[in-house]
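Read the structure below first, then the notes.
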Protein chains: 4
Amino acid sequence: MSKSGFSGQRTPALRADARRNREALIAAARELFAEQGLETPLDDIARRAGVGNATLYRRFATREELIEAVFHDLLDEGLRTGEEARRGEDAWSALVGYMEGIFEGLAANRGAIELMTTAVPAGPTLAELRRHNHETVSELVRRAQEQGAMRADVTAEDLLFGLAALGRCVPSAAAVVPGSWRRHLALLFDGLRAEAARPLPAPPLTFRQLEDALADMAAPRGRAPQG
Amino acid sequence: MSKSGFSGQRTPALRADARRNREALIAAARELFAEQGLETPLDDIARRAGVGNATLYRRFATREELIEAVFHDLLDEGLRTGEEARRGEDAWSALVGYMEGIFEGLAANRGAIELMTTAVPAGPTLAELRRHNHETVSELVRRAQEQGAMRADVTAEDLLFGLAALGRCVPSAAAVVPGSWRRHLALLFDGLRAEAARPLPAPPLTFRQLEDALADMAAPRGRAPQG
Amino acid sequence: MSKSGFSGQRTPALRADARRNREALIAAARELFAEQGLETPLDDIARRAGVGNATLYRRFATREELIEAVFHDLLDEGLRTGEEARRGEDAWSALVGYMEGIFEGLAANRGAIELMTTAVPAGPTLAELRRHNHETVSELVRRAQEQGAMRADVTAEDLLFGLAALGRCVPSAAAVVPGSWRRHLALLFDGLRAEAARPLPAPPLTFRQLEDALADMAAPRGRAPQG
Amino acid sequence: MSKSGFSGQRTPALRADARRNREALIAAARELFAEQGLETPLDDIARRAGVGNATLYRRFATREELIEAVFHDLLDEGLRTGEEARRGEDAWSALVGYMEGIFEGLAANRGAIELMTTAVPAGPTLAELRRHNHETVSELVRRAQEQGAMRADVTAEDLLFGLAALGRCVPSAAAVVPGSWRRHLALLFDGLRAEAARPLPAPPLTFRQLEDALADMAAPRGRAPQG
DNA sequence: TATGAATGAGGCTTCATTCAT
DNA sequence: TATGAATGAAGCCTCATTCAT
């Protein structure tokens, strides 16, 4: 984490023990978020980290901050992966590979999924990642269409929506049969090939609409995830 | 409801007022489940029904029972729809129409979605429906493949998984742009056409595995939906 | 309480045990409010009443509701006392007597004081009482001035302000020497007699300004009393 | 502060940085006490001072010590003002002027008010000031009575009590209408003039009783101001 | 029987104070 | 020495579930 592009600057030289606690909290949160999702009780996280609950509050004033910290690496890595994908010659392959990489990370992580299907309360880093992700996908979609691999009547938003839908199911599928999501991802992509083109019954979502829809998914019972 | 195929045996002649209460509870739960999902506080349901909460417990010992009762009609209707679909000549069209019908119903009903993506705590009726649904889809898939419309390397489970994934997102998408799910459903089907066939990287889930995966989706934080 | 003018209608036939609990809660709150003021922890009140804390919340959704209930009798009695005072021939004596009556009630009750010096969060009944109190004082002041007993250059607001100031100190003074507040009240009134008239260095507060000032007193550190 | 009569002995040559910290803490506390009263969270004070909270504890073992330090200057000034007042020819005018001066200082300072109405947890300096204040008032009262301006049946304690009562309300009144307290102070004094004399219904408090009463006012909910 | 009521555990925060660097 | 950090005890509130009428 310390040598990643994003992080490092923000923490003004934390004391050794504090740093240890911080790391312990993040580690505990990472585990529990992965196992149980982003709504895990904060007290549980503190307990697993072996610190008092107030320590958690001192380090992370809000749940969002903790989430942001926990997923910093993942997100960071996401940026790198995105950049790399954009450099691919064959846009279609790059896109598929990019997505496989992401799903690989999601497969064992409920929290990451919730994050991916959540536009709402997750701080600037995540927003940045989402933006970057959208850019990556947009560019690859455009190029894949130019290269004749992807059907011309779909948009990046179509793909992103499908991926969000699938992504939400990945951990559960992976829990039952580890690699099974690869098959469903492949089927999703098969519907987006040039050869698969058929008239579509409704216009695509705009990016804004997509974000709103994802945000909505993140708010069970109309309220934000409680934190 | 009383004349449906499923119910009737189970309730041994309820007193008139008890019956009224039961109906009121179901109606209230139907509304709140649709609006807020299946985790709506039970007290809220009782209040909206205008009865005491203990009455709710007396009528429905567990949240599951209430869910089962609430969705009985829907499920019932699902059976009918399934039967009808099976009678279609053109299996592909029948399948598409069948699914559109289901999604239509889901679009405004959070609870129904949760149910659809939930194999766990929902009682025998729902199990029966799921079985029936599986049968319908299996048969239509088989026939669509025989008729050359659907690619031969996919299974009913593949389709059901994709539908579950999509279905979970339908209400949110519909909340933003009402008919938008039609586009994504179409894309899903486009990947299943005979022409779209490509080698797939993993074997399909068995029905049992699919059920387990769906069950897993229904258990946020590792526990059953809280009730 | 049941036969008072205000109450009685509002509670739609509470069950016997609930009524008992309600009374116990009110009694416990009355004691604790009197001893410790209006910010007593609600859990303490529940404990002293011998009920679970949630029972308190069921009966009184907010601290204000509880306050309102606790002081209902007192307030109610205040109305009666006010009416009676207005019927007095000698306005000055009536005013003095009225105030002595009020202070008598305040002497052992911190909560009542806080209430009296609080314009803010206390529900409609208290607002009504304050209005009524203001009316009583206004009328008696006017008549006492007409009768030549009270100096003409003071207003009801002047008196109310002085009474609020004094009232806040009554319980503490009474805790040390029971009747001592009578002396200070007398001194306050002595400054309001016709003979005491002297040019005053600033205009009186309007009623609205008085209310604002009292409200301000009720909000330590800028926030409302926390409940 | 360093050259005041009181301080200086107690701090055995503080190191330069320590001294700076001490001053910063006092300055921060002065501001926050004035704005929010004496119960301001200590961490807030340390933060505003730009030092660690433990530093605060090292410098001031208890909240009282900090209070004492903060109000040292004010008190110091109080002594001077008192001395000056005692030198006045016309005792009545001197008394009025003295009080106006004090109220002027209180009007924008919640903490000072709380202090003035607090006999308890404020250390020797404050005790000294209170003693001095009492002396000043006693002497002026005696002389004003001798000079025939003040009624003979009141005591310094009567006046002090009234002033405490009024003083507690000054900031709130001043928050609404800046100079309004002058009117109420004038009314208070009008009741103490020789011409206003009337039989009083109770004996005056002794100094000790007055102190106890003021101490009582300072203890909301029966406990000391929380620190 | 139906019901309102009661419960207690659990989640979130805040703060005075002590500890370790 | 000065400091940031850690702590744990309260306080508030919500809900599923059991109890008593």
Expressed as a whole number of angstroms, how long is the span from [X]:[atom1] to [N]:[atom2]?
X      : N       : atom1 : atom2 : value
L42(B) : dT3(E)  : CG    : P     : 15 Å
R47(B) : dT14(F) : CZ    : C1'   : 12 Å
Q36(B) : dC15(F) : CD    : P     : 10 Å
R20(D) : dT1(F)  : CZ    : P     : 17 Å
E39(B) : dG11(E) : CD    : P     : 14 Å
R19(C) : dA6(E)  : CZ    : P     : 12 Å
R63(A) : dC12(E) : CZ    : C1'   : 9 Å
N21(C) : dC19(F) : CG    : P     : 16 Å

- Does R59(D) have a side-chain nitrogen or oxygen under 4.0 Å from the phosphate oxygens OP1 or OP2 of dA2(F)?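 Affirmative; the distance criterion is met.
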- Ignoring backbone atoms, establish whether R58(C) has a side-chain N or O less than 4.0 Å from OP1 or OP2 of dG4(E).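 R58(C) to dG4(E) OP1/OP2: no side-chain N or O under 4.0 Å.
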- Message: Taking any heavy-atom pair under 4.0 Å as a contact, classify D43(B): base, sugar-phosphate, or nothing.
- Response: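 The answer is base, as D43(B) lies within the cut-off (heavy atoms under 4.0 Å) of a base atom.
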- Task: Quick one: label N53(A) by what it contacts on the DNA or RNA (base, sugar-phosphate, nothing), any heavy atom closer than 4.0 Å.
- Result: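 Base contact.
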- Task: Tell me the partner of dT18(E), counting only Watson-Crick (N1-N3 plus N6-O4 or O6-N4) or G-U wobble (N1-O2 and O6-N3) with both under 3.5 Å; none if nothing fits.
- Result: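 Its partner is dA5(F) (Watson-Crick or G-U wobble, both distances under 3.5 Å).
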- Task: Could you check which nucleotide pairs with dT14(F) in any of the strands shown, counting Watson-Crick or G-U wobble with both distances under 3.5 Å?
- Result: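 Pair assignment: dT14(F) / dA9(E).
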- Message: For G50(B) and D17(C), find the nucleotide of DNA chain E closest to each by heavy atoms; which residue's nucleotide sits nearer the 5' end?
- Response: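 So the residue in question is G50(B).
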- Query: Of T55(C) and L56(B), whose nearest nucleotide on DNA chain E comes first from the 5' end?
  - Reply: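 Looking at the nearest nucleotide for each, L56(B) comes out on the 5' side.
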[X] (side chain) donor-acceptor with [Y] (main chain) under 3.5 angstrom:
X       : Y      : value
R110(A) : E35(A) : yes
R63(C)  : L38(C) : yes
R58(A)  : N53(A) : no
Q36(A)  : L32(A) : no

- Message: So, applying side-chain contact (heavy atoms from CB on, under 4.5 Å) with L25(B), which one of R30(B), R48(B), R59(B) is it?
- Response: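 Testing each of R30(B), R48(B), R59(B) against L25(B), the sole residue satisfying side-chain contact (heavy atoms from CB on, under 4.5 Å) is R59(B).
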- Query: Relative to the 5' end of DNA chain F, which residue comes earlier, Y57(B) or A54(A), by the nucleotide with the nearest heavy atom?
  - Reply: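 Going by which nucleotide is closer to the 5' end, it is A54(A).
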